[in-house]
Protein chains: 2
Amino acid sequence: MSAISITSESTEMYLKSIAELEMLATPPVAISHLAQRLGVSSPSVLEMVKRLAAQNLVTHTPYKGVSLTDSGRRRAMAVLRRHRLWERFLVDTLQLPWESVHDYACQLEHATAPAVTDALAAFLDNPTTCPHGNPIPDAAGAVPPNRTIPLLELAVGQSARLENIIYEEAILLEYLARRGFLPGVQLTLEDIAPYQGPLMVRVSGFDHPAALGREIAARIFVVPTE
Amino acid sequence: MSAISITSESTEMYLKSIAELEMLATPPVAISHLAQRLGVSSPSVLEMVKRLAAQNLVTHTPYKGVSLTDSGRRRAMAVLRRHRLWERFLVDTLQLPWESVHDYACQLEHATAPAVTDALAAFLDNPTTCPHGNPIPDAAGAVPPNRTIPLLELAVGQSARLENIIYEEAILLEYLARRGFLPGVQLTLEDIAPYQGPLMVRVSGFDHPAALGREIAARIFVVPTE
DNA sequence: AATCATAATTAGGATACCCTAATTTAAGGA
DNA sequence: TCCTTAAATTAGGGTATCCTAATTATGATT
Ligand SMILES: [Mn+2]
Ligand SMILES: [Mn+2]
Ligand SMILES: [Mn+2]
Ligand SMILES: [Mn+2]
């Protein structure tokens, strides 16, 4: 039991990505989705998934997809915890730009010993969310239940508070930051263009509403107000 | 010119180790010394050295050894800078144990973007030495000239101030920390046993002198007092 | 100058990840 | 039920990094 289990950076990124994709759609996660998220080919993913399955980190159902095992989920949550703690540190302590820290944290998350993670969490006073609003798993890997809905599901005319932005990528974050879409802001869905058109969303304090594609609106989570 | 040059963790560790070995003895660095330091076999080192030479990071003289090129040295110094900045952070900010941080920093040093390095240095107020007394290269890779001598070269009866400890390894550091050998302490070489025997060194404030092997005494650098 | 020990090098393999080009399977629509 | 298409899988390679077991070169010693 409890083999030495060296977790490579690659392994950690696979597990983290599977965890993120599992939260979005109903598992199992399709090989092709994983491939797209990780930026590698499907055959590469399949091969890696077989390696992960051999280590009991995921379950692979041929032609269906992958799911994390308990052990795999624990590892994934540990990576997510380190990632989001580092993001907090980079924004709050080092004052690096909100839209850049995701990429920096994606490197640090694989190079952080447990003692460092613990000390960092203590130094930051055990924060519960990352700068993009996403929950930081606790030391046991648990996250509070999610009470948010995608901006995409808001009714026209409805107002809401922006909670979190998922699928953090520098380009998306920079785009959103420039338009005021930051966790905590108040916004109103003013209109939705037909035929899968964009959503017109006004951020409180901005003169004009922003036009957000559905792809983006599905990545922004909100809590409706009143 | 200036290819994208992805520097792997392995490459960085080779360059850093070569730099450290170059500071100790007269270059070039022997393949077997590098192998021992890195904990890999000589054929592996030779193979890697050829790869590094092909990237113009080192020069290899067959049957003699390796030396860093200017480009290689720049990379090595950048790694050393990140390493020692992280050590300061881990000790000063996160308050992790002096003897443990070297190993943690050895992971972080390969996962730190330039913007993070710069912000970290600024946050720490541009420190000039690591917790073990070794100089932190500046952003350009320069280190101040070394004015210290190995404890091994002290004359019997002479007193000195401990400046830095090189070849940081958790076991050595723990051993020294327990006996009071920390940068800044005052010590006196009381005796040297003949036939390559140990050095009897008293740390100011300690009742009994400690017996240090020559191997260890060569890794402790001091500045003689009066 | 012959000998020896040590270090360096060569030879032959292994593993983790990644790729492109086939080929096969699954699942929905005709 | 048959067809079509997209997704999954197999086949065949490639590179970086590591290893052990020879073999060979160097430099010091007789
Ligand atoms: Mn990452
Ligand atoms: Mn985040
Ligand atoms: Mn390292
Ligand atoms: Mn140090």
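Keep in mind that this is a model prediction, so the values were computed, not measured. The sequence lines fix the lettering, A, B, ..., with proteins before strands; numbering per chain opens at 1.
Going from atom CD of B:E12 over to atom P of D:dA16 covers 16 Å, rounded to whole Å. Rounded to whole Å, the distance from CD on B:Q36 to C1' on C:dT6 is 14 Å. For A:L34 and C:dC17, the CG to C1' distance is 15 Å, given to the nearest whole Å. Per the geometry, CG belonging to A:L46 stands 6 Å off C1' belonging to D:dT9, to the nearest Å. The separation between B:E9 atom CD and C:dA16 atom P is 17 Å, rounded to whole Å. Atom CD1 in B:I31 sits roughly 15 Å away from atom C1' in D:dT26 (whole-Å rounding). In this entry the distance linking CD of B:E47 with P of C:dT9 reads 13 Å, nearest Å. The separation between A:Q55 atom CD and C:dT15 atom P is 14 Å, rounded to whole Å.
Nucleic acid contact for A:S10: sugar-phosphate only, since backbone atoms but no base atoms lie under 4.0 Å from a heavy atom of the residue. Residue B:P62 is classed as a sugar-phosphate contact, given heavy-atom separations below 4.0 Å to backbone atoms only.
Of the listed nucleotides (D:dT10, D:dC18, C:dC17), C:dC17 has the atom at the smallest distance from the side chain of A:M48. For B:Y14, counting side-chain heavy atoms from C-beta on, the closest listed nucleotide (D:dT20, D:dC18, C:dC17) is D:dC18.
The phosphate of D:dA16 has neither OP1 nor OP2 within less than 4.0 Å of any side-chain N or O from B:K50. For A:H60 and D:dT9, the shortest distance from a side-chain N or O to OP1 or OP2 is below 4.0 Å. Contact annotation: A:S42 does not reach the phosphate of C:dC18 (side-chain N/O to OP1 or OP2, under 4.0 Å). In this model, the phosphate group of C:dA27 is approached by a side-chain N or O of A:K64 to a distance below 4.0 Å at OP1 or OP2. Remark: B:R51 is in phosphate contact with D:dT17, judged by side-chain N or O atoms under 4.0 Å from OP1 or OP2. Neither OP1 nor OP2 of C:dT10 sits under 4.0 Å from any side-chain N or O of B:Y63. At D:dT17, one or more side-chain N or O atoms of B:S8 fall inside 4.0 Å of OP1 or OP2 (strictly under the cut-off). Side-chain N/O atoms of A:S32 include one lying less than 4.0 angstrom from OP1 or OP2 on D:dA8. Using a 4.0 Å cut-off, some side-chain N or O of B:S44 falls inside it from OP1 or OP2 of D:dC19.
Looking at A:R37, its side chain never comes within 3.5 Å of a backbone N or O of A:S17 through a donor-acceptor pair. Put simply, the side chain of A:R82 never gets that close to the backbone of A:H110: no donor and acceptor are under 3.5 Å apart.
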(message) Assess the residue pair B:L80 and B:R84 against the criterion (side chain to side chain contact (heavy atoms under 4.5 Å, CB included)); give the C-alpha distance rounded to whole Å, side-chain angles, the decisive distance to 0.1 Å, and a yes or no.
(response) CA-CA 6 Å; B:L80 225 35; B:R84 292 175 180 166; 3.8 Å; yes

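Taking the six-membered ring for Trp and thresholds of 30 and 60 degrees, A:F89 and B:W86 have ring planes inclined between 30 and 60 degrees apart.
Applying the ring-ring contact (aromatic ring centres under 6.0 Å, His included) test between B:H132 and each of B:F221, B:W98, B:Y167 identifies B:W98 as the sole match.
Side-chain contact between A:V143 and A:P137 is present, with heavy atoms from C-beta onward closer than 4.5 Å.
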